[in-house]
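Structure, as structure tokens:
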Amino acid sequence: MTSSSKEAEADANLVHSRDVDAVYNAPVADGKRRPLNSTVEFLITAMVGVPLFLTVVLPLSAVFQVGKKVLPVAGESVPLVTDANATANAKDVLEVEADSFPPISELTPLAERKYDAVLLGATGFTGGIAAKYMAQQYGCGKELKWAIAGRSQKKLDAIRQEIVKLGFAPAVDSIDTILVDTSQPSTVHGLVKDTRSIITTAGPFCKYGSNVVAFCARYGTNYVDITGETGWNKEMIVKYEDLAKETGAKIVSLCGNDSIPWDMTTFKLRQLMSKECKDTISKVKCYDQFKGGISGGTIDTMLTMVDGKYVEPRFEFDPYLRTRDGKKSMNKSKNASSQLMTKSDTLGGHGEWTSPFVMAAVNGEVVKRSQALSEGGNGTGSGSTLTYEEYVVNPSFKEAFLGWFGPILGLTALLNPITGVPMRKFLLPKPGDGPTEKQREYGYLLVSGVGEGQNGSLVRSEFYFPGDPGYKETAKMVVESGLCLALEGDRLPEQGGGFFTPSVAMGDILLERLCKTGCKFASKVVRMPKLKSNL
């Protein structure tokens with residue numbers, strides 16, 4: 001066996017392992033500890049937090065939100081976005097710089113561009129982690145050609161100095177810096193036109209990402225981001241998908257903790273069921289165990305939505321139901337995740353307390369999009385229905401209750417100025433703040449997936465991320481996604497341009513890169529389909 005064939009076999013083992021128990025037990029083997037809450041925390045929340053919520057926070061927020069509905073601000077109506085007016089609006093943005101674009105037939109081929117990837121948002125919290133990951137994993141001035149981009153030269157230089165501290169001086173001089181203000185279209189050309197991929201962590205994306213997506217679609221440049229803003233992503237699909245198809249640009253949003261772990265889990269369960277069970281998947285359940293923090297940038301994005309600074313347009317039909325030819329998919333997808341605490345028989349075989357996961361709605365939307373794009377292939381029949389459920393598995397009732405009630409209390413408190421303003425000023429992290437390096441090392445994510453087939457098949461998977469999922473692992477996920485598009489073009493399941501989900505655009509090739517850089521994945525058949533009687 002040649003060395004190349006041995007490498008190929010090793011890569012296949014990474015993404016097709018059947019040792020699910022080893023992956024399930026990996027967090028314990030790595031010394032990870034599930035987050036625990038004390039009895040005192042539980043009692044204070046139950047005896048003080050719940051009454052405060054019911055008598056003060058909820059009434060205040062209800063009155064304030066009703067008032068906004070009764071006395072709306074002039075001009076607040078949500079426009080209907082159709083393919084026709086979306087295309088017109090897209091042209092308005094690109095026509096501002098029309099004279100600066102080369103004809104599509106004269107775009108520089110990806111193989112001849114100066115950079116493999118440009119990291120936008122490198123001066124932010126997650127972007128800084130991503131820049132250091134790229135340096136540590138791929139070096140400076142070596143085979144990978146990459147640059148960092150942002151609005152401030154001073155902050156970009158500071159990131160380069162952080163890389164120097166990792167032991168890369170003087171090689172760090174090979175990392176170019178690109179100044180760009182994404183709100184100024186004239187500055188975006190230099191960001192996009194000479195790279196194979198844009199990797200961006202600069203959010204909120206409804207505020208900082210639209211022009212970048214437009215220019216990537218126009219220049220035929222691949223694009224990945226870490227947004228969880230599905231409404232904005234849908235708007236971008238309607239506006240720029242036809243252009244991306246024409247230029248060959250692959251636009252892939254939600255390439256971080258929103259929502260690669262769950263999108264890839266569903267993809268692999270579907271793939272295994274199709275190949276080994278000859279069955280079509282009908283239900284997916286994901287059980288999450290994780291430990292991680294939150295950054296000011298994430299809070300800033302959340303507040304953008306809470307404050308109504310971005311309102312999702314109305315569409316003729318849900319863009320996440322679009323097939324490759326732009327028609328409405330015959331496939332259906334339903335998110336049936338419970339919004340209450342429940343005691344479930346999880347993979348351990350005994351009842352455990354589960355609670356809703358705050359991002360389950362977003363993950364379910366991405367699974368729906370993959371389901372539509374996979375119509376008629378990848379183990380998805382035309383007209384099939386997929387039910388998706390997702391839960392957090394908790395050590396005890398205390399953690400389940402606090403994990404369920406805490407987000408409800410916090411989000412409701414933000415919906416009125418009396419409790420919301422003090423929270424924003426004194427309690428919530430500011431942009432640039434986030435979990436410490438030590439906290440990021442102690443974090444982890446384990447997604448246990450169960451897939452059920454139309455004919456009774458049952459498949460299982462385990463997907464383990466050994467660091468804080470929202471930051472350390474998100475930085476890795478988005479970087480590997482961008483490099484996957486830039487460097488693995490001939491191996492990708494999608495060869496043309498357009499808007500895709502991570503699993504549809506990159507599939508096993510992305511999973512292979514993630515597993516080579518620290519993640520672990522395994523899946524197996526638990527039960528074959530029931531035999532049909534001839535009687």
Side-chain angles (χ1 to χ4, degrees), residues 81-83 86 213 217 223-225 227-245 249-255 258-271 273-274 279-284 286 312-337 359-390 449 451-454 481 492-508 510:
V81 176
T82 65
D83 284 358
V213 170
Y223 168 98
V224 297
D225 65 35
T227 189
E229 303 159 50
T230 55
W232 169 78
N233 182 227
K234 292 176 182 181
E235 184 180 355
M236 295 296 100
I237 290 172
V238 175
K239 287 184 175 180
Y240 301 114
E241 184 163 47
D242 289 343
L243 181 59
K245 288 178 178 179
K250 293 181 178 65
I251 312 294
V252 190
S253 287
L254 298 115
C255 287
D258 310 324
S259 298
I260 279 179
W262 298 272
D263 183 39
M264 293 298 297
T265 290
T266 304
F267 161 73
K268 292 298 290 182
L269 292 173
R270 180 191 293 118
Q271 181 189 68
M273 183 166 288
S274 175
D279 201 354
T280 299
I281 199 160
S282 61
K283 180 181 288 187
V284 170
C286 291
E312 181 177 334
R314 295 180 295 120
F315 304 101
E316 291 179 290
F317 68 87
D318 187 348
Y320 274 12
L321 293 177
R322 279 191 173 201
T323 59
R324 284 174 170 79
D325 60 6
K327 296 179 181 178
K328 187 175 182 179
S329 174
M330 298 293 292
N331 286 346
K332 297 179 181 179
S333 182
K334 176 185 177 183
N335 191 334
S337 304
M359 297 306 294
V362 171
N363 295 332
E365 285 285 280
V366 178
V367 168
K368 176 174 69 178
R369 175 68 173 151
S370 293
Q371 174 84 345
L373 288 171
S374 300
E375 182 172 293
N378 299 322
T380 303
S382 181
S384 63
T385 298
L386 176 66
T387 300
Y388 178 81
E389 298 180 34
E390 184 180 349
E452 299 178 20
Q454 292 179 355
S481 297
L492 295 177
E494 286 294 338
Q495 290 297 302
F499 280 68
F500 307 102
T501 59
S503 69
V504 171
M506 297 172 276
D508 281 336
L510 174 60

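- The residue from Asp263, Thr265, Thr266, Leu510 that alone fulfils the side-chain contact (heavy atoms from CB on, under 4.5 Å) condition with Ser503 is Asp263.
- Side chains of Val366 and Trp262 form no contact here, defined as non-hydrogen atoms less than 4.5 Å apart.
- No donor-acceptor distance shorter than 3.5 angstrom exists from the side chain of Ser253 to the backbone of Asp225, with no hydrogens or angles considered.
- Phe315 places a side-chain heavy atom less than 4.5 Å from the side chain of Val238.
- A distance of 11.5 Å separates NZ of Lys328 from OG1 of Thr323, quoted to the nearest 0.5 Å.
- Ser337 places a side-chain N or O within 3.5 Å of a backbone atom of Glu390 that can act as its donor or acceptor partner.
- The two residues Cys255 and Pro502 have their closest heavy-atom pair at SG-CG, 4.0 Å.
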Go through Val252 and Ser481 one step at a time and tell me if the side-chain contact (heavy atoms from CB on, under 4.5 Å) criterion holds. CA-CA 9 Å; Val252 190; Ser481 297; over 6 Å; no
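- The line from CD of Gln371 to NZ of Lys334 is 14.5 Å long, rounded to the nearest 0.5 Å.
- The shortest non-hydrogen separation linking Ile237 to Tyr320 is CD1-CE1, 3.8 Å.
- Using a cut-off of 4.0 Å between Lys/Arg side-chain N and Asp/Glu carboxylate O, Lys268 and Asp508 are scored as salt-bridged.
- Note that the CZ atom of Arg314 and the CD atom of Glu316 stand 11.0 Å from one another [nearest 0.5 Å].
- Closest heavy-atom contact between Ala336 and Thr387: CB-CG2, 3.7 Å.
- Side-chain contact between Pro319 and Glu241: absent, with no pair of heavy atoms (C-beta onward) separated by less than 4.5 Å.
- Rounded to the nearest 0.5 Å, atoms CE (Met506) and OG1 (Thr501) are 8.0 Å apart.
- Taken to the nearest 0.5 Å, the CG atom of Asp318 stands 10.0 Å off from the OG atom of Ser333.
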Between Val504 and Glu494, is a side-chain contact (heavy atoms from CB on, under 4.5 Å) present by the stated rule, with each step listed? CA-CA 7 Å; Val504 171; Glu494 286 294 338; 3.8 Å; yes
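- Using modelled atom types, one side-chain atom of Arg369 and one backbone atom of Arg322 make a donor-acceptor pair closer than 3.5 Å.
- Among all heavy-atom pairs drawn from Ile251 and Ala217, the shortest one is CD1-N, 4.3 Å.
- For the 3.5 Å distance criterion, the side chains of Asn363 and Tyr388 fail to qualify, holding no donor opposite an acceptor.
- Of all heavy-atom pairs spanning Ser259 and Val362, the tightest one is OG-CG1, 3.7 Å.
- Ala372 is linked by a side chain to side chain contact (heavy atoms under 4.5 Å, CB included) to Ser329, counting only residues two or more places apart in sequence or in another chain.
- Side-chain contact between Ser282 and Thr385 is absent, with no heavy-atom pair separated by less than 4.5 Å.
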Check against side-chain contact (heavy atoms from CB on, under 4.5 Å), Asp258 and Thr230: CA-CA 10 Å; Asp258 310 324; Thr230 55; over 6 Å; no
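- The shortest distance between side-chain heavy atoms of Val213 and Phe499 falls below 4.5 Å.
- Counting heavy atoms from C-beta outward, Arg270 and Leu386 have side chains that approach closer than 4.5 Å.
- When the side chain to side chain donor-acceptor pair (under 3.5 Å) test is applied to Lys283, no partner is found at least two apart in sequence or on another chain.
- Note that NZ of Lys332 is 10.5 Å distant from CG of Leu321, once rounded to the nearest 0.5 Å.
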Where do Met273 and Thr280 land on the side-chain contact (heavy atoms from CB on, under 4.5 Å) test, with the steps shown first? CA-CA 7 Å; Met273 183 166 288; Thr280 299; over 6 Å; no
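- Judged by distance alone, the side chain of Lys245 and the main-chain N or O of Arg324 form a donor-acceptor pair under 3.5 Å.
- For Thr227, the side chain to side chain donor-acceptor pair (under 3.5 Å) partners are Glu229, not counting sequence neighbours.
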